[in-house]
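Below is one structure, written out as structure tokens, with a few remarks after it.
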Amino acid sequence: MRIATWNVNSVRQRLEHLVSWLKECSPDIVCLQEIKCVDEAFPRLEIEALGYNVVTHGQKTFNGVALLSKLPFDETKSGLAGDDEDAHARFLEGVVTLKQGVVRIACLYLPNGNPANTDKYPYKLKWMSRLLEYSKERLKTEEPLILAGDFNVIPAARDVYNPAAWTDDALFRPATREAFQSLLGLGLTDALRAVNDDPGQYTFWDYQAGAWQKNWGIRIDHLLMSPQASDRLIDVGIDSYVRAWEKPSDHVPVWADLDFETA
DNA sequence: ATGACACTTTTAAAGTGA
């Protein structure tokens, strides 16, 4: 089974790229972030034509997440518990059944948090705390669980081209990295780091200042796996080639292959 | 220090992102 995550930065702007990449990568399950549209505006038919079931949790203008799966969903649920005031569309959960049993997938778009001297940063930290609580609860089931998405967290210095320039950024502040480490402390595995120790494994390059050409990237898109999932991890890849396409998203897809049979 | 770029929306300039 192959699962992937991609922040497309507007699904309607990126539809051609998305279709091309889906054909090339052929993931069974896909977590999309920043679809930037309401549910009715999602290009559902075009994606269903490729054999995917589609669930969306969108909103007008900003944010928005979607789950695509070649397997039918047993259940889906939108929204992250812990704050009834939070209206941002950033979290969508789905469950599928494989030959080996159920797998739960959480597609997430974690708040950016910048500028870090505004209330956006406490909102980010609170959201991370809610995600920690969610993960604690789900891990009790001892089932395969995969958190996939744009975490807006640079986990370590080797995940950014110039760590010194990012010290006070909401993506790299100590409190941000500590909150991410707390997730790992629950027993979740950062899938990319389970298979690859190299620096420079970037998933995002800013549109500005020729960041892609200079390889000024950061690693902020992640797949975190419960032990029951990471035990079956085979490989992880970053499809950085799509960043060189015309009018690309600023993020690229990350995928993981797991030893689960989909048939 | 600022803006650089790309996306959205009450199609113009502002908000958001990272």
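Chain A is the first sequence line, chain B the second, and so forth, proteins listed ahead of strands; every chain is numbered from 1. The structure displayed is predicted, hence computed values, not measured ones.
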Under the salt bridge (Lys or Arg N to Asp or Glu O under 4.0 Å) test, residues paired with A:Arg232 that sit two or more places apart | none
Listed by chain and number, what are the salt bridge (Lys or Arg N to Asp or Glu O under 4.0 Å) partners of A:Lys140, not counting sequence neighbours?
->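 Salt bridge (Lys or Arg N to Asp or Glu O under 4.0 Å) check on A:Lys140 returns A:Glu137.
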Interface with DNA chain B, restricted to residues 111-131 of chain A and to heavy atoms under 4.0 Å =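 Only A:Asn112, A:Asn114, A:Lys120 qualify.
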DNA chain B contacts among residues 207-219 of chain A, heavy-atom distance under 4.0 Å | A:Tyr207, A:Gln208, A:Ile218
Ionic contact status for A:Lys247 with A:Glu16, cut-off 4.0 Å =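 Result for this pair is no, no salt bridge flagged.
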May I ask you to say whether A:Arg2 pairs ionically with A:Asp257, meaning some side-chain N is under 4.0 Å from a carboxylate O?
-> yes
In this structure, how many angstroms lie between the [atom2] atom of [N] and the [atom1] atom of [X], rounded?
{"X": "A:Leu110", "N": "B:dG17", "atom1": "CG", "atom2": "C1'", "value": "14 Å"}
{"X": "A:Asp206", "N": "B:dG17", "atom1": "CG", "atom2": "P", "value": "14 Å"}
{"X": "A:Phe151", "N": "B:dG17", "atom1": "CZ", "atom2": "P", "value": "18 Å"}
{"X": "A:Ile220", "N": "B:dG17", "atom1": "CD1", "atom2": "P", "value": "12 Å"}
{"X": "A:Leu15", "N": "B:dC7", "atom1": "CG", "atom2": "P", "value": "14 Å"}
{"X": "A:Phe204", "N": "B:dG17", "atom1": "CZ", "atom2": "P", "value": "12 Å"}
{"X": "A:Glu34", "N": "B:dG15", "atom1": "CD", "atom2": "P", "value": "18 Å"}

With syn defined as a glycosidic angle within 90 degrees of 0 and anti as anything else, the base of B:dT10 is anti
When you check the side-chain N and O atoms of A:Glu34 and A:Asn63, is any donor under 3.5 Å from an acceptor?
-> no
Under 3.5 Å, which donor-acceptor pairs do the side chains of residues 35-42 of chain A form with other protein atoms, sequence neighbours left out?
residue	atom	partner	partner atom	Å
A:Lys36	NZ	A:Asn9	OD1	2.9
A:Asp39	OD1	A:Thr56	OG1	2.9
A:Asp39	OD1	A:Gly58	N	2.7

Pick the [atom1] atom in [N] and in [M], then give their distance to the nearest Å.
{"N": "B:dA6", "M": "B:dT11", "atom1": "P", "value": "22 Å"}
{"N": "B:dT8", "M": "B:dA18", "atom1": "P", "value": "14 Å"}
{"N": "B:dT10", "M": "B:dC5", "atom1": "C1'", "value": "24 Å"}
{"N": "B:dC7", "M": "B:dA12", "atom1": "C1'", "value": "15 Å"}
{"N": "B:dG15", "M": "B:dA4", "atom1": "P", "value": "16 Å"}
{"N": "B:dA14", "M": "B:dA1", "atom1": "P", "value": "24 Å"}
{"N": "B:dG3", "M": "B:dT9", "atom1": "P", "value": "25 Å"}

Pairs touching residues 182-192 of chain A that satisfy salt bridge (charged side-chain N to carboxylate O under 4.0 Å, His left out), sequence neighbours left out = A:Asp190-A:Arg219
With heavy atoms under 4.0 Å as the rule, sort [X] into base, sugar-phosphate or nothing.
{"X": "A:Asn63", "value": "nothing"}
{"X": "A:Asp150", "value": "sugar-phosphate"}
{"X": "A:Asn152", "value": "sugar-phosphate"}

For A:Arg158, enumerate each residue passing the side chain to side chain donor-acceptor pair (under 3.5 Å) test, keeping only those at least two apart in sequence or located in another chain.
->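 A:Arg158 satisfies side chain to side chain donor-acceptor pair (under 3.5 Å) with no residue once adjacent residues are dropped.
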With sequence neighbours excluded, what pairs up with A:Thr118 under the side chain to side chain donor-acceptor pair (under 3.5 Å) test?
-> none
Would you tell me if any nitrogen or oxygen in the side chain of A:His251 comes within less than 4.0 Å of OP1 or OP2 on B:dA18?
-> yes
Report yes if a side-chain nitrogen or oxygen of A:Arg14 is closer than 4.0 Å to either non-bridging phosphate oxygen (OP1 or OP2) of B:dA6; otherwise report no.
-> no
Cluster membership besides A:Val102, Ile/Leu/Val/Met/Phe/Trp/Tyr side chains within less than 4.5 angstrom, sorted by chain and number, is A:Val95
Quick one: ring pair (Phe, Tyr, Trp, His ring centres under 6.0 Å) pairs with a partner in residues 73-118 of chain A, sequence neighbours left out?
-> A:His88-A:Tyr123, A:Phe91-A:Tyr134
Only pairs at least two apart or in different chains count here, so list each ring pair (Phe, Tyr, Trp, His ring centres under 6.0 Å) that has a residue in residues 244-263 of chain A.
-> A:His17-A:Trp245, A:Phe204-A:His251, A:Tyr241-A:Trp245
Exactly one candidate in A:Asn152, A:Val8, A:Thr5 meets side-chain contact (heavy atoms from CB on, under 4.5 Å) with A:Gln33; the answer is A:Thr5
Could you go through nucleotides 8-12 of chain B and list every protein N or O atom that sits under 3.5 Å from one of its N or O atoms, giving the distance for each pair?
residue	atom	partner	partner atom	Å
B:dT8	OP1	A:Ser10	OG	2.6
B:dT8	OP2	A:Gln13	NE2	3.2
B:dT10	OP2	A:Lys60	NZ	3.4

